[in-house]
Amino acid sequence: MNSFTDNFTINGITLTAQPICRQGEVLTPDALAFVAKLHKATAGRRRELLQARQERRQQISKGQDPRFLRETESVRNDPNWRVAPPAPGLEDRRVEITGPVDKKMTINALNSGAKVWLADMEDSSTPSWRNVIQGQLNLTDALERRIDFTSPEGKEYKLRPAGELPTVVVRPRGWHLPEKHMLIDGTPIAGGIVDFGLYFFHNARRLIAQGKGPYFYLPKIENHLEARLWNDIFIMAQDLLGIPQGTIRATVLIETITAAFEMEEILYELRDHAAGLNAGRWDYIFSLIKNFRTRGPRFVLPDRGQVTMTQPFMRAYTEQLVRACHKRGAMAIGGMAAAVPNRKDQDANAIAFEKVRADKTREAGDGFDGSWVAHPDLVPVCREVFDAVLGERPNQLERLREDVTADDRALLDISTTTGTITEQGIRNNIEVGIRYIESWLRGNGAVAIHNLMEDAATAEISRSQLWQWIFARAITDHGDVITREWVEDMLDEEFAKLERFEGDRFADARDIFEEVTLSSEFPAFLTLPAYDRFLHEARDGADVASGDPTLVPA
């Protein structure tokens, strides 16, 4: 490239971002040709599926509750099918650590002692061009053991011996996110295709040679047809590189309310490539609010801190997930422990550790085969709990949970949820939402706020709760009606309390937060307008048409 404003096209893909160091190692002609083939074969179906999401949300908003599908009853009732047996490195998943793929986090996660590292290119990673490319470089460097890092304070970070490192499972972006810096015929490639395709092309054979394989977490799936699209991509990708079918394994996050009604069908669609399901609790709550936000008091939840895993509708979700997985030979992985240890406050630390221990004890007792943590200090806590239940066994697939009934109405039993809406809960949602977006705009998609690890999912809960409470004119525990004007007043007050610093992005963050929280329309994801306005490097003063129906309000 000759200058910042020059575009460069190779093998049909036009690159529009300012290039970064070592970019050529990732965007090789062969890798781009591979990604282009995946895109061209699937772009039409992806657009149709995104349009179908909107139509489904409209049906729900008009009063149609999701139910188990009649047309897939034969799949659920067939007792004979199973997913593929656990792949090398995925037999024991008792503790998984999650985090973005920046250099420091990569080393810390790999050195954490976890069994699996979810290398996250999605909700805990800002999809700036630098992060997208640098994340690919960091993953390959880690697999080649040539990654190291020295902090500004002089602390050195280096990898442990290979035998002590966890299995890497990459989470690409969801179907809704475009990569506007990589275009084919003027249309962005799906971010998920970019993330999956580049990692798979460069590392699949390397991973197989190391005795494992290319493994993935699939986010934001809303139904079994979206899982089928991923399965078709896996088949095509393996064929293009001459890799045996079934080498890829995928764990699907059940983090949308509609996917919860199709768990067995999702496993069936991916069965030769399926590794399990994960209880993506935070996005699940967001999805529930998003889909039912205009349906009245029945679907209004209390403060997000009170929407715990012991609420009846969340118990139904997790128990039915374990049942569906073990019935089909798939792993059930528990949700994120969001606590971030505060090494300066031992009392707060003790409380946080006890909450995590109770959470993981419940999951292990329910039959989950492992669970997530966000911080290395929590790995021993999670491991200890699952060790006590599993012993020498790698998992508890034999626990079929036949005592659990597949009950679609229980998944929507919101009216039995206990708790209250408080003024402090409103203020906390405002603070978390703005502080998270500000950090995201500076390139950091995972941020600790009040000793909790916040990512895009928790920020989505914060802003969508506020939107719903305003729409429903919900009432606080003190009898105050929540109005737009009152929330705006509190927003002014909370914004004034924020500690500003040179180079902060709080003004931009507030603009985005107000757009996704206070508008009459409800953007499907807060990251879409934020990406369009602040991360997409437009050329010649013109934006790129995305061709995606996701940009229409939900």
Side-chain angles (χ1 to χ4, degrees), residues 94-100 104-105 108-109 111-114 124 151 153 155 157 281-282 285 301-311 314 334-366 368 370-389 418-436 438-439 444-455 457-459 461-462 465 476-478 490 493-494 496-501:
R94 67 187 67 200
V95 54
E96 303 193 355
I97 190 167
T98 76
K104 178 182 174 182
M105 291 296 293
N108 279 344
N111 287 344
S112 67
S124 68
S151 72
E153 297 77 31
K155 184 178 179 181
Y157 295 80
R281 60 178 74 169
W282 309 119
I285 295 168
L301 292 172
D303 288 358
R304 70 171 234 199
Q306 299 177 43
V307 186
T308 65
M309 300 308 294
T310 58
Q311 296 283 12
M314 295 299 283
M336 167 72 81
V340 177
N342 182 347
R343 292 166 180 167
K344 298 176 182 176
D345 186 342
Q346 290 307 312
D347 290 340
N349 234 15
I351 294 170
F353 273 50
E354 199 47 50
K355 285 183 178 178
V356 171
R357 189 179 303 279
D359 183 49
K360 301 310 171 193
T361 299
R362 187 195 65 256
E363 288 179 330
D366 284 347
F368 280 96
S371 192
W372 280 10
V373 298
H375 193 281
D377 285 359
L378 296 175
V379 168
V381 179
C382 185
R383 187 197 306 116
E384 181 184 321
V385 169
F386 276 88
D387 284 351
V389 171
T418 58
T420 56
I421 302 171
T422 68
E423 180 179 330
Q424 186 53 46
I426 299 170
R427 291 182 180 277
N428 187 65
N429 280 349
I430 292 169
E431 181 192 0
V432 167
I434 292 176
R435 286 180 62 182
Y436 177 78
E438 191 279 331
S439 175
N444 179 16
V447 56
I449 303 175
H450 300 315
N451 297 328
L452 292 175
M453 184 62 73
E454 306 286 355
D455 68 3
T458 51
I461 295 174
S462 295
Q465 275 204 316
T476 70
D477 57 339
H478 285 177
M490 282 188 273
E493 292 167 10
E494 293 302 313
K497 295 177 188 175
L498 295 170
E499 188 175 333
R500 305 296 293 268
F501 53 89

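When a residue number appears, it is its place in the shown sequence, counting from 1. Both backbone and side-chain heavy atoms feed into the values below; hydrogens, waters and symmetry mates do not.
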Checklist entry - Quick one: CE on Met309 to CZ on Arg281, what's the gap to the nearest 0.5 Å? => result 4.5 Å
Checklist entry - In Å and rounded to the nearest 0.5 Å, what is the CG to OG1 distance from Asp303 to Thr422? => result 3.5 Å
Item to check | Side chain proximity check, Thr476 to Thr420, heavy atoms < 4.5 angstrom | outcome: no
Next on the checklist: Before you tell me yes or no, could you show the steps for Met336 and Val373 under side chain to side chain contact (heavy atoms under 4.5 Å, CB included), namely the whole-Å CA-CA distance, both residues' side-chain angles and the distance that decides it to 0.1 Å?
Outcome noted: CA-CA 5 Å; Met336 167 72 81; Val373 298; 5.7 Å; no
Checklist entry - Is any NZ, NE, NH1 or NH2 atom of the basic residue among Lys104 and Glu153 found under 4.0 Å from an Asp or Glu carboxylate oxygen of the other? => result no
Item to check | Contact check, side chains of Ser462 and Val432, non-hydrogen atoms, under 4.5 Å | outcome: yes
Checklist outcome for this item: d(Ile461 CD1, Arg304 CZ) to nearest 0.5 Å is 6.0 Å
Checklist entry - Would a 4.5 Å heavy-atom cut-off, applied to side chains only, mark His450 and Asn428 as touching? => result yes
Next on the checklist: How long is the straight-line distance from CD1 of Ile97 back to OG of Ser371, given to the nearest 0.5 Å?
Outcome noted: 12.0 Å
Checklist entry - Applying salt bridge (charged side-chain N to carboxylate O under 4.0 Å, His left out), which residue pairs with at least one partner in residues 334-351 are found, sequence neighbours left out? => result Arg343-Asp377
Checklist entry - Can Glu493 and Arg427 be counted as an ion pair, charged N to O under 4.0 angstrom? => result yes
Item to check | Side chain Ser439, main chain Asn444, donor-acceptor under 3.5 Å | outcome: yes
Checklist entry - Checking Arg383 side chain against Gly113 main chain: does a donor-acceptor pair fall under 3.5 Å? => result yes
Item to check | Over all atoms of both residues, closest heavy-atom pair of Tyr436 and Ala446 | outcome: CE1-N, 4.4 Å
Checklist outcome for this item: CD1 of Ile421 to CD of Gln306, rounded to nearest 0.5 Å, is 9.0 Å
Next on the checklist: Do the side chains of Lys360 and Glu363 get close enough for a salt bridge, i.e. N-O under 4.0 angstrom?
Outcome noted: yes
Next on the checklist: So does Asp455 get a backbone contact from the side chain of Thr458, meaning a donor-acceptor N/O pair under 3.5 Å?
Outcome noted: yes
Next on the checklist: With a 4.5 Å cut-off on side-chain heavy atoms, are Glu454 and Leu452 touching?
Outcome noted: yes
Item to check | 4.5 Å side-chain heavy-atom contact, Gln465 and Leu301 | outcome: yes
Checklist entry - Any side-chain heavy atom of Ile434 sitting closer than 4.5 Å to one from Glu494? => result no
Under 3.5 Å, sequence neighbours excluded: what are the donor-acceptor pairs made by side chains of residues 348-357?
unit_1 : atom_1 : unit_2 : atom_2 : d
Asn349 : OD1    : Asn342 : N      : 2.8
Arg357 : NH1    : Glu384 : OE2    : 3.1

Checklist entry - Under 4.5 Å between any side-chain heavy atoms of Arg435 and Leu498, yes or no? => result yes
Checklist entry - Between OG1 of Thr98 and CE of Met105, what distance do you get to the nearest 0.5 Å? => result 7.5 Å
